[in-house]
Amino acid sequence: MSLSELTRNRARTGGRRPSATPTLPVAALWTGAVVCAVAVFAVYAFFVRTVLGQQLDEAALTSAQRLHTADAPAAVWLQTLPWFLITGVLIALAVLIAAVRRRWAVLIAIVVTVAGAVLSTQLLKYAVFERPDLGLDTLTLNSLPSGHTTAAGAAAAALLLAVPREWRPVFGVAGAAFTALVAGSTLVSYWHRPADVVSAVAVVGAWTLAATALTDPRTARRRRRGGAGSAVRERAVAHQARIAGLVLLGVATVALCVSGLLYTGVIPDAIAGTGGNLWAGLLFETAAASAVFAGLTLALGRRSVLE
């Protein structure tokens, strides 16, 4: 940029440097983590401990069972994909990116997110949560939260943490799509109920935000501050993160509304078809993945949050 252009820019801004995007308070990260953690227990309390919740959850699983029994191509294809291998490769890639970029705080956050989410999911499923017999024709074995979805969501969150902040809006949308795909495969394959998936995504959100807060989001403030160009770039990245986050929130809202219409029968079977409850479950899972990754994208797209 020439001296004359700098002079004109300073004149337009009253001689001040363009302001950077405001930092995100650590309290906001902890608040988001607590909200996600509460959501896990709220999903369990309604969908496992109440008759209505079990009925809604089981309706989607029963619809998936019919699809699975019919040997549908989609169900067969989703079952054959090596999800744990793909997830492992993505986690290894995230670790490699953080190490190459020499972002040790990010690397710690990745380890805490993946280990914390996977281990806490197993602890909740096998040691904390129980599925009571409420007189319904359903499997009494507790399967909440979903281990497959937790691993996939943690891998997507790890990549979101590892990449430079400029790429986080893209990886936030991609992470939501990947998590929703794996989540949908667990339902279509008759492995998990929708509530299992929703709680797993909330577990991932809680650990990602907690790990981000624990590894000190103020690190960027201690680095040497850039000039006017750096402030402009920061605002542009934050704006892109807001767009991506709002798009994901829009997807989550629409998916949740349509899911509710399907569950309640407002959309008749003549339109929804025989798999209406299955679509309701899939959309419920998509809404959860989109909402959580919207929050992560908005948080991690801000200045000073694990750049």
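Between Leu144 and Val43 there is a side-chain heavy-atom pair separated by less than 4.5 Å. The shortest distance between side-chain heavy atoms of Ser185 and Leu181 does not fall below 4.5 Å. The closest side-chain heavy-atom distance from Tyr44 to Arg49 is below 4.5 Å. Residues Leu141 and Arg131 form no side-chain contact, since every pair of their non-hydrogen atoms from C-beta on lies 4.5 Å or further apart. Using a 4.5 Å heavy-atom threshold, the side chains of Val38 and Val34 count as touching.
Here the CG-CD distance, from Leu187 to Glu285, works out to 5.0 Å after rounding to the nearest 0.5 Å. Here the CD1 atom belonging to Ile97 is positioned 11.5 Å from the CG atom belonging to Leu107, to the nearest 0.5 angstrom. Put simply, CG on Leu209 and CH2 on Trp30 are 9.5 Å apart, with the number rounded to the nearest 0.5 Å. To the nearest 0.5 Å, atoms OH (Tyr190) and CG (Leu278) are separated by 12.5 Å. In this structure, CG on Leu261 lies 9.5 Å from CG on Leu256, to the nearest 0.5 angstrom. Of the inter-residue distances, the one linking Phe46 atom CZ with Asp57 atom CG reads 9.5 Å to the nearest 0.5 angstrom.
Screening Val112, Ile108, Ile110, Val111 for a side-chain contact (heavy atoms from CB on, under 4.5 Å) with Thr215, the sole residue that qualifies is Ile108. Each of Thr121, Asp196, Thr179 was scored for a side-chain hydrogen bond (donor to acceptor under 3.5 Å, both in side chains) with Thr150, with one residue passing: Thr121.
The nearest pair of heavy atoms linking Gly172 to Thr297 is CA-OG1, 3.3 Å. Pairing each heavy atom of Pro194 with each of Phe284, the nearest pair is CB-CD2, 4.0 Å. The two residues Leu124 and Asn142 make their nearest non-hydrogen contact at O-ND2, 4.4 Å. Taking each heavy atom of Ala156 and Phe178 in turn, the nearest pair found is CB-CD2, 4.4 Å. Listed here is the closest heavy atom pair of Ser120 and Val203: OG-CG1, 3.5 Å. Heavy-atom minimum distance, Leu296 versus Gly205: CD2-O, 4.4 Å.
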Run the numbers on Trp191 and His148 for side-chain contact (heavy atoms from CB on, under 4.5 Å), then give the verdict.
CA-CA 9 Å; Trp191 293 341; His148 284 76; 4.0 Å; yes
Apply side-chain contact (heavy atoms from CB on, under 4.5 Å) to residues Asn277 and Leu262 and explain how you reach the verdict.
CA-CA 7 Å; Asn277 288 325; Leu262 287 169; 6.0 Å; no
Begin from the C-alpha positions of Leu282 and Val188 and carry the test side-chain contact (heavy atoms from CB on, under 4.5 Å) through to its verdict.
CA-CA 9 Å; Leu282 291 172; Val188 170; 4.2 Å; yes
Let's go through Leu136 and Gln55 carefully: what are the C-alpha distance in whole Å and the side-chain angles of both, what is the deciding distance for side-chain contact (heavy atoms from CB on, under 4.5 Å) to 0.1 Å, and is it a yes or a no?
CA-CA 8 Å; Leu136 300 176; Gln55 287 175 334; 3.8 Å; yes
Given ring-ring contact (aromatic ring centres under 6.0 Å, His included), test Phe41 with Phe129 step by step and report yes or no.
CA-CA 9 Å; Phe41 288 88; Phe129 293 156; 5.5 Å; yes
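Val182 and Ile91 fall within the same hydrophobic cluster, defined by Ile, Leu, Val, Met, Phe, Trp and Tyr side-chain heavy atoms under 4.5 Å apart, directly or through other members. Leu96 and Val114 sit in two unconnected hydrophobic clusters of ILVMFWY residues. Membership requires side-chain heavy atoms under 4.5 Å apart, directly or through other members. Under the 4.5 Å side-chain heavy-atom criterion for ILVMFWY residues, no single connected hydrophobic cluster contains both Leu159 and Leu298. Clustering ILVMFWY residues whenever any of their side-chain heavy atoms sit less than 4.5 angstrom apart, transitively, puts Val40 in a cluster other than the one holding Val204. Using a 4.5 Å cut-off between side-chain heavy atoms of Ile, Leu, Val, Met, Phe, Trp and Tyr, with links allowed through other members, Leu123 and Val48 fall into the same hydrophobic cluster.
Judged purely by atom type and a 3.5 angstrom limit, Arg168 uses its side chain to pair as donor or acceptor with the backbone of Leu161. A donor-acceptor distance shorter than 3.5 angstrom exists from the side chain of Lys125 to the backbone of Pro145, with no hydrogens or angles considered. Side-chain atoms of Ser146 never come within 3.5 Å of backbone atoms of Val197 as a donor-acceptor pair (strictly under, hydrogens ignored). The main-chain N or O of Ala117 is never found under 3.5 Å from a side-chain atom of Gln122 such that the two would form a donor-acceptor pair. Looking only at distances, no side-chain donor or acceptor of Ser259 sits under 3.5 Å from a matching main-chain atom of Ala255. A side-chain donor-acceptor contact under 3.5 Å links Arg101 to the backbone of Ala162. A donor-acceptor contact shorter than 3.5 Å is absent between the side chain of Ser63 and the backbone of Ala59.
When only modelled atom types and interatomic distance are considered, Arg193 and Ser143 share a side-chain donor-acceptor pair under 3.5 Å.
Shown here is Glu130, whose CD atom has no more than 12 heavy atoms of other residues, nucleotides or ligands within 6.0 Å.
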